[in-house]
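Right, one structure below, let's go through it.
So you know, we letter chains A, B, ... as the sequences are listed, proteins then strands, and number each from 1.
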Number of protein chains: 2
Amino acid sequence: MSGELIYGGPLSERKKRILRSIIDAHIAMGEPIGSKYLVTSAEIPFSSATIRNEMAELTEMGYLEQPHTSAGRVPTQLGYRFYVDSLMESYKLTATEIVALNNMLKSKIGELDTIIQSASKLVANLTNYTSVAIKASERETVRAFSHMVLDEHNFLMVMKMSGENVKTKQVHTDIVLDENNVSRLMSLFNAYCVGVTPEDITYATIVKMESAMGSAAALVNPAVKAFYDAVATSTDSNVRFEGVNKLLEYPEFSSVDQLKRVFSMIENKEDFLDMLSNSDRNKINVFIGDEESRFASNSAFIFRPLTVDGKVIGAIGVFGPSRMDYSKVISTVEYLTQKITGIIEGRALPEPGEE
Amino acid sequence: MSGELIYGGPLSERKKRILRSIIDAHIAMGEPIGSKYLVTSAEIPFSSATIRNEMAELTEMGYLEQPHTSAGRVPTQLGYRFYVDSLMESYKLTATEIVALNNMLKSKIGELDTIIQSASKLVANLTNYTSVAIKASERETVRAFSHMVLDEHNFLMVMKMSGENVKTKQVHTDIVLDENNVSRLMSLFNAYCVGVTPEDITYATIVKMESAMGSAAALVNPAVKAFYDAVATSTDSNVRFEGVNKLLEYPEFSSVDQLKRVFSMIENKEDFLDMLSNSDRNKINVFIGDEESRFASNSAFIFRPLTVDGKVIGAIGVFGPSRMDYSKVISTVEYLTQKITGIIEGRALPEPGEE
DNA sequence: AGTTAGCACTTGATGCTTTTGAGTGCTAAA
DNA sequence: TTTAGCACTCAAAAGCATCAAGTGCTAACT
């Protein structure tokens, strides 16, 4: 897209063609690619010797590497990067795929949480990689507290959040509640806890509220807890994976050690949130693992943030081996996120068939 | 518990002792156990030859098997079953464990969904196996409707469900709301929709309510939608796993093939729901995999249904290798579910320290 | 009777060497 | 500048001997 990025020196057309063929073949087969293969199967019109020379140079330049002397070449992180940025042919979604996507979208209009998740499931199925659904954290606070007494030991704490939504939490106490009790408590909350983030709740505040409640001081603690939960939950955004077991199918993750590494990565959901917040919010982002990064060296993560009014509200992505069908994955994710953003912003869902 | 079940013939005390030692040792070490080990490490006061004879008979009877001629013995499914039913010593939770459990329980009172999930997380950590949290589909209905007006276009619909929990939905309408409007609407719901399942909502009911609402008929539709959502969501049960990556640590799942089988099992959440519905609702259930069952042969699933008023509302369980620390897992799960049921049924949470 | 020492036997695991074959880099010729 | 040819490298596979754990059985012992 961005013209002719210079990565490790400019590449002749022939080098590009060879590099692309190697990466395409490697993505398709998962094995190191040798010069002979390129002559016969990819139709590079040169002898294997010539190709070997070129490959040696590409290796020198950092685009390729050899697992060992007598093996073929495998793309490096740099190689993949260059491939994704300038070499790759864009994949055209098939009609079936578009129909599947649109059907899913149509049936879920209106529920953001579920739409992201269903989309993610679909992506996992269409691409056959593990997909990732991220709902971003919003730093919400409470605008106003109100309540509803349910019975003599339970009341409902109703919190109008800084967004347009309302959160409710059921609060249980051992002491006996009455309308009076609870409404006093809620006035306290309205006085002390409006616009307050989880970290701002100090012990002092709690003590103050407790003394103000007098004999019903025992009410304060569970209510604070409920409040904390409400504010904190909206903070803990969540990351969900679909089709994790698809990872098992790829030979690069076929040793238990590698699986362990990958799974422990997946466990660290914060890492994915980090990547989201460090990402470019207006386009597809492609992380490709290498030795230094916390990212397992043979894996990649492709995702596209979802934004509303310039705010990132989540993302949909795909996690898999760095030998990934970038082209197809990128097209699929791109298509979906475009459409979802459209729906969120209230535009109508276009009919299947248009490109 | 159920006295002396006869499995494959009655066992002499000595056979029982040997069988128990073998299974204990195998659970601890994960390797086939030979006669020599029992003489030295477990303190069976007989010579290895005698033990070998007994082992041969236990094998004959189906409690043990040999991976190959020159290997020690490993428990069979039947062996584990017998062990769990009559041999195993019950594990005493440590003080630390009880404290952890109670703390978690205390902090989550009131929200069934989260309580089950947090409990599950804790179980995964305490036992170091993958834990399973099941929320059963309950055919829940609404016991009583109430409301709270939020602003002139939104109100909160509060539904006390047939269980002890409360669900709330925010309802938005374009027409202007007032206390009067909404409370009339809720009386209608209390008249027509109490104890009603999603399928029971007929068009006729809706029309009736709309005509009763007169000029505010437009309120009915979104409210019905909210009601439907509340009742329908509780229908789709879900199964969630925590600590799936712990599976990778056990040698029985150390080949990728085995992992594939296990993961594909885990993907089939319906299977777990099936097992729940075929289970004994009043006690710990232990499924032990064998060759025939859909269950991977070297895995086991231990769970305890959670019931309220005799109705199964979910379950907490543990999934792991059949070589599992049954004793500890069962104690942990038992303790937790007892306490959770207590909480759900409104009994106070006992202090840590009591057994 | 029940128990045990002793021993031959089986068999996966371990470690070694050999073979194989894919793929390279280099040289010399076209 | 390209290519044919060839010697070289090295991981993976195959073959093989050795090891050690654990058994089952027999014969002796209490």
Can you name the atoms? Protein N/O to nucleotides 24-30 of chain D N/O, anything below 3.5 Å, with the distance.
| unit_1 | atom_1 | unit_2 | atom_2 | d |
| --- | --- | --- | --- | --- |
| D/dG24 | OP1 | B/Arg73 | NH2 | 2.8 |
| D/dG24 | N7 | B/Arg52 | NE | 3.1 |
| D/dG24 | O6 | B/Arg52 | NH2 | 3.1 |

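In this entry the distance linking CD1 of A/Ile51 with C1' of C/dA22 reads 16 Å, nearest Å. Put simply, CD on B/Glu54 is 14 Å from C1' on C/dT4, counting in whole angstrom units. As rounded to whole Å, 13 Å separates atom C1' of C/dG23 from atom CD1 of A/Ile22. Remark: P of D/dT1 and CD of A/Glu13 are 17 Å apart, rounded to the nearest angstrom.
Salt bridge annotation for B/Lys16-B/Glu13: present, with a cationic side-chain nitrogen under 4.0 angstrom from a carboxylate oxygen. Ion pair B/Arg20/B/Glu89 flagged as a salt bridge, since at least one NZ, NE, NH1 or NH2 atom sits closer than 4.0 Å to an Asp/Glu carboxylate oxygen. Salt bridge A/Glu57/A/Arg14: absent, no basic N to carboxylate O contact under 4.0 Å. Ion pairing between B/Arg73 and B/Glu65 fails under the 4.0 Å rule for side-chain N and carboxylate O.
Aromatic pair A/Tyr326/A/Tyr80: centroids less than 6.0 angstrom apart. Checked against the 6.0 Å centroid threshold, B/Phe301 and B/Phe272 count as a close aromatic pair. In summary, the aromatic rings of B/Tyr63 and B/Phe82 are positioned with their centroids under 6.0 Å apart.
Pairing for D/dC19 is with C/dG12, a Watson-Crick or G-U wobble pair whose two hydrogen-bonding atom distances lie under 3.5 Å. Nucleotide C/dA1 has no partner under the Watson-Crick or G-U criteria, as no pair reaches both atom distances under 3.5 Å.
Here the closest heavy-atom approach between residue B/Ser21 and residue B/Ile44 is recorded as OG-CD1, 3.6 Å.
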>> Go through it in stages, so that I can follow the logic: the residues are B/Asp24 and B/Tyr83, the test is side chain to side chain donor-acceptor pair (under 3.5 Å), and I'd like the CA-CA distance, side-chain angles, deciding distance and then a yes or no.
In response: CA-CA 9 Å; B/Asp24 280 340; B/Tyr83 175 82; 2.6 Å; yes

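The neighbour count for B/Lys121 NZ, taken as heavy atoms of other residues, nucleotides or ligands under 6.0 Å away, does not exceed 12.
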>> Does the protein touch nucleotides 9-14 of chain D at the base, only the backbone, or not at all? Give it as B, S and - per nucleotide, heavy atoms under 4.0 Å.
In response: BBS---

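Of the residues in residues 23-39 of chain A, those lying under 4.0 Å from DNA chain C by heavy-atom distance are A/Gly34, A/Ser35.
Taking the ring centre of B/Tyr250 as origin, the terminal cationic atom of B/Arg323 falls outside the region bounded by 6.0 Å and 45° from the ring axis.
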